[in-house]
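See below for the structure under consideration.
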Amino acid sequence: MLHPDTVAVTAGRPHGPGDPLNVPLTPASTYRAGGVVYGREGNPSWTALEEAVGALEGGHATAFASGLAATASVLDTLPVGAVVVAHRGPYHGVGEQLAERSHRGQIQLRSVDLCDLSAAAAAVPGADLVWAETPSNPMVDVTDVAGLANLTHRAGARLVVDSTFASPMLQQPLLLGADVVVHSGTKLIGGHSDLLLGLVLAGDRAWAERFEQHRHDNGAVPGALETFLALRGLRTLPVRLSRMQESAAVLADRLAGHPAVTRVRYPGRDDHPGHAVAAQQMSGFGSMLSFDTIGDAATADAVTDALRIVVHATSLGGVETLAERRARYPAESDRGTPPTLIRLSVGLEHPADLWADLAQALDGVLHNG
Ligand SMILES: *Cc1c(COP(=O)(O)O)cnc(C)c1O
């Protein structure tokens with residue numbers, strides 16, 4: 001077995017003599033009769049990316065136009081009336097997809113704290129699907145995937161894990177027992193804040209074919225350029241992540257010691273309730289953390305406004321460090337995200353510069369307050 005760092009570099013490449021090292025970009029909507037017929041069926045760049053991510057995760061990958069197109073395709077394969085048990089705080093877009101389907105009577109939704117395996121065990125009887133997200137966005141909750149897979153399967157249900165925060169490098173939920181994994185490839189896989197992309201992985205070939213069919217029939221196809229760039233991003237993901245998570249660990253500790261910060265959520269810290277589980281199921285603690293400031297929403301806004309190197313912007317997983325007060329969105333605030341929570345996606349800048357920037361922004365609210 002090759003190390004994941006090696007697979008990220010070697011998988012999804014042409015192998016023949018005289019072939020280019022990388023699958024060339026093929027911008028095509030239609031083809032002369034005789035092979036692939038139409039651009040909704042496939043593209044060489046989709047296949048190359050799917051091969052590489054599939055090799056890292058130990059499953060069959062299907063690429064979609066965005067993370068939400070990928071998650072919708074999973075929910076759409078459920079029969080009408082299916083019972084879905086979901087973590088009480090999934091990514092807000094996934095929360096909207098679940099709520100909308102539940103309001104239409106398409107699914108029956110049960111929201112529980114899946115970090116609590118006894119709460120999960122009480123909720124799964126009669127369920128068809130369990131939807132976990134670990135680490136979660138933006139609360140950085142950690143769920144025990146192997147434990148949850150066990151009790152999900154005992155109840156006759158299937159387990160989906162949104163593994164976006166971990167990326168294919170830091171955890172492989174299929175190998176821990178999950179049935180399906182979803183990623184927003186927009187984030188760490190693409191890694192440069194220049195594309196939208198989603199991926200669904202299934203251990204089971206027949207299930208993977210249903211996702212491919214869904215993509216074809218519903219048209220949420222990724223772009224040729226997007227998949228080409230995402231694969232280019234994946235090549236450097238191991239080295240990007242190792243630097244990013246090293247910096248995240250430093251920043252998490254510094255933030256925890258700052259008088260303008262009341263709480264830090266980072267699975268690498270031993271005060272995180274999911275620290276032991278994360279240490280067990282992840283090969284690193286990742287580049288994502290969130291922290292709460294003193295005061296109120298206006299205090300946290302003053303912090304993000306004062307940042308000069310860290311960019312005040314949504315999204316995550318790129319080379320640029322980004323900070324966002326998530327509850328600035330009413331929908332995010334409605335689902336219980338603390339008003340002063342700032343999500344931090346740690347990038348590749350020097351950690352000393354990042355800390356100096358965060359410290360000056362946090363010092364500012366101490367002196368003004
Ligand atoms: C961003 C994100 C998504 C949605 O992905 P898009 O590519 O923005 O559609 C889903 N899950 C998580 C955890 C995310 O962070």
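Just so it is clear, the structure is predicted and the values come from calculations on it, not from any experiment. Side-chain atoms are counted along with the backbone in the values below, which use heavy atoms only and exclude waters and symmetry mates.
- To the nearest 0.5 Å, atom CG of residue Leu225 and atom OG1 of residue Thr26 are 11.5 Å apart.
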Checklist entry - Given His60 and Asp204, is the side chain to side chain donor-acceptor pair (under 3.5 Å) satisfied, shown in steps? => result CA-CA 7 Å; His60 307 280; Asp204 180 51; over 6 Å; no

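- At a threshold of 4.0 Å, the pair Asp301-Arg328 does not count as salt-bridged, since none of the basic side-chain nitrogens sits closer than that to a carboxylate oxygen.
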Next on the checklist: Set out, in order, the CA-CA distance, both residues' side-chain angles and the distance that settles side chain to side chain contact (heavy atoms under 4.5 Å, CB included) for Gln245 and Leu170, then state yes or no.
Outcome noted: CA-CA 11 Å; Gln245 65 186 357; Leu170 299 184; 3.6 Å; yes

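- Nearest heavy atoms, Ala300 versus Ile342: O-CD1, 3.8 Å.
- Checked by atom type and distance alone, the side chain of Trp46 never pairs as donor or acceptor with a backbone atom of Thr227 at under 3.5 Å.
- Side chains of Met139 and Leu341 form a contact here, defined as non-hydrogen atoms less than 4.5 Å apart.
- Each of Val112 and Leu98 belongs to its own hydrophobic cluster when Ile, Leu, Val, Met, Phe, Trp and Tyr are linked at side-chain heavy-atom distances under 4.5 angstrom.
- Residues Ala361 and Val303 come closest through the heavy atom pair CB-O, 3.6 Å.
- Counting only heavy atoms from C-beta outward, the side chains of Pro267 and Val140 approach each other to under 4.5 Å.
- Using a 4.0 Å cut-off between charged side-chain N and carboxylate O, Asp217 and Arg40 make no salt bridge.
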Determine all donor-acceptor pairs shorter than 3.5 Å in which one atom belongs to a side chain in residues 151-162; sequence neighbours excluded.
residue: Thr152; atom: OG1; partner: Leu148; partner atom: O; Å: 2.6
residue: His153; atom: ND1; partner: Ala149; partner atom: O; Å: 3.2
residue: His153; atom: NE2; partner: Asp179; partner atom: OD1; Å: 3.4
residue: His153; atom: NE2; partner: Asp179; partner atom: OD2; Å: 2.8
residue: Asp162; atom: OD1; partner: Thr164; partner atom: N; Å: 3.1
residue: Asp162; atom: OD1; partner: Thr164; partner atom: OG1; Å: 2.7

Output side-chain donor-acceptor pairs under 3.5 Å for residues 124-132, partner residues at least two apart or in another chain, one line each.
residue: Asp128; atom: OD2; partner: Val83; partner atom: N; Å: 2.8

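- A donor-acceptor pair under 3.5 Å is absent between the side-chain atoms of Thr293 and the main chain of Thr299, judged by distance alone.
- Between Pro173 and Val145, the shortest heavy-atom distance links the atoms O-CG1, 4.1 Å.
- Arg326 and Pro138 get closest at one heavy-atom pair: CG-CB, 3.8 Å.
- For CZ of Arg205, the number of neighbouring non-hydrogen atoms (other residues, nucleotides, ligands) closer than 6.0 Å is greater than 12.
- To the nearest 0.5 Å, atoms CG (Leu196) and NZ (Lys187) are separated by 8.0 Å.
- Among Leu68, Leu199, Val200, Val94, the single residue meeting the side chain to side chain contact (heavy atoms under 4.5 Å, CB included) criterion with Val182 is Val200.
- Between the OG1 atom of Thr10 and the CD atom of Glu51 there is a distance of 11.0 Å, given to the nearest 0.5 Å.
- A salt bridge links Asp292 with Arg265: the closest approach of a Lys/Arg side-chain nitrogen to an acidic carboxylate oxygen falls below 4.0 angstrom.
- Residues Glu41 and Val37 form a side-chain contact, since some pair of their non-hydrogen atoms from C-beta on lies under 4.5 Å apart.
- Ion pair Glu332/Arg325 not flagged as a salt bridge, since none of the NZ, NE, NH1 or NH2 atoms sits closer than 4.0 Å to an Asp/Glu carboxylate oxygen.
- Residues Glu133 and Thr143 fail the side-chain proximity criterion, which asks for heavy atoms closer than 4.5 Å.
- Under the 4.5 Å side-chain heavy-atom criterion for Ile, Leu, Val, Met, Phe, Trp and Tyr, Leu117 and Leu176 are members of the same hydrophobic cluster.
- A salt bridge does not link Arg240 with Glu320: every distance from a Lys NZ or Arg NE/NH1/NH2 to an Asp or Glu carboxylate oxygen is 4.0 Å or more.
- Side-chain contact of Glu324 with Thr314: a donor-acceptor pair under 3.5 Å is present, judged by distance alone.
- For Gln106, the CD atom is densely surrounded, since the number of other residues' heavy atoms within 6.0 Å is greater than 12.
- Two different hydrophobic clusters hold Val239 and Ile189 under the rule that ILVMFWY side chains link at heavy-atom gaps under 4.5 Å.
- With hydrophobic clusters built from ILVMFWY side chains whose heavy atoms lie under 4.5 angstrom apart, Leu234 shares a cluster with Leu348.
- Taking CH2 of Trp207 as the start and CG of Leu201 as the end, the distance is 12.5 Å to the nearest 0.5 Å.
- Looking only at side-chain heavy atoms (C-beta outward), His312 and Asp305 come within less than 4.5 Å of each other.
- Residues Thr134 and Phe165 form no side-chain contact, since every pair of their non-hydrogen atoms from C-beta on lies 4.5 Å or further apart.
- Under the 30°/60° scheme for interplanar angles, the aromatic rings of His92 and Tyr329 are found to lie parallel.
- A continuous path of Ile, Leu, Val, Met, Phe, Trp and Tyr side chains, each step under 4.5 Å between heavy atoms, connects Val53 with Val181, placing both in one hydrophobic cluster.
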Checklist entry - Taking it one step at a time, do Asn43 and Phe228 satisfy side chain to side chain contact (heavy atoms under 4.5 Å, CB included)? => result CA-CA 10 Å; Asn43 183 280; Phe228 177 91; over 6 Å; no

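- Checked against the 6.0 Å centroid criterion, the rings of His272 and Phe285 do not qualify as a close aromatic pair.
- A heavy-atom distance below 4.5 Å is not found between the side chains of Val80 and Ile107.
- Rounding to the nearest 0.5 Å gives a distance of 7.0 Å between CG of Leu316 and OG of Ser184.
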Checklist entry - When you look at Glu209 and Arg215, which way does the salt bridge (Lys or Arg N to Asp or Glu O under 4.0 Å) test go after all the steps? => result CA-CA 10 Å; Glu209 278 164 12; Arg215 173 179 66 184; over 6 Å; no

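- In this structure, a donor-acceptor pair under 3.5 Å is absent between the side chains of Ser102 and Gln108.
- Rounding to the nearest 0.5 Å gives a distance of 10.5 Å between CG of Leu307 and CG of Leu322.
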Checklist entry - Checking side chain to side chain contact (heavy atoms under 4.5 Å, CB included) for the pair Ile294/Leu366: CA distance, chi angles, key distance, verdict? => result CA-CA 9 Å; Ile294 53 166; Leu366 283 181; 4.0 Å; yes

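- No more than 12 heavy atoms of other residues, nucleotides or ligands sit less than 6.0 Å from atom OH of Tyr38.
- At least one side-chain heavy atom of Leu251 sits less than 4.5 Å from a side-chain heavy atom of Leu354.
- Side-chain contact, His214 with Asp76: a donor N or O sits under 3.5 Å from an acceptor N or O.
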Checklist entry - Given Ser167 and Leu241, is the side chain to side chain contact (heavy atoms under 4.5 Å, CB included) satisfied, shown in steps? => result CA-CA 9 Å; Ser167 91; Leu241 253 180; 3.4 Å; yes

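- Shortest non-hydrogen contact noted between Ser287 and Met244 is CB-CB, 3.7 Å.
- No hydrogens or angles considered: a donor-acceptor pair under 3.5 Å links the side chains of Gln171 and Ser163.
- We find that Arg88 and Asp113 are joined by a salt bridge, their nearest charged nitrogen and carboxylate oxygen being less than 4.0 Å apart.
- Using a 3.5 Å distance cut-off with no hydrogens or angles, the side chains of His183 and Glu57 do pair a donor with an acceptor.
- Heavy atoms from other residues, nucleotides or ligands lying under 6.0 Å from CZ of Arg13 number more than 12.
- The neighbour count for Arg32 CZ, taken as heavy atoms of other residues, nucleotides or ligands under 6.0 Å away, does not exceed 12.
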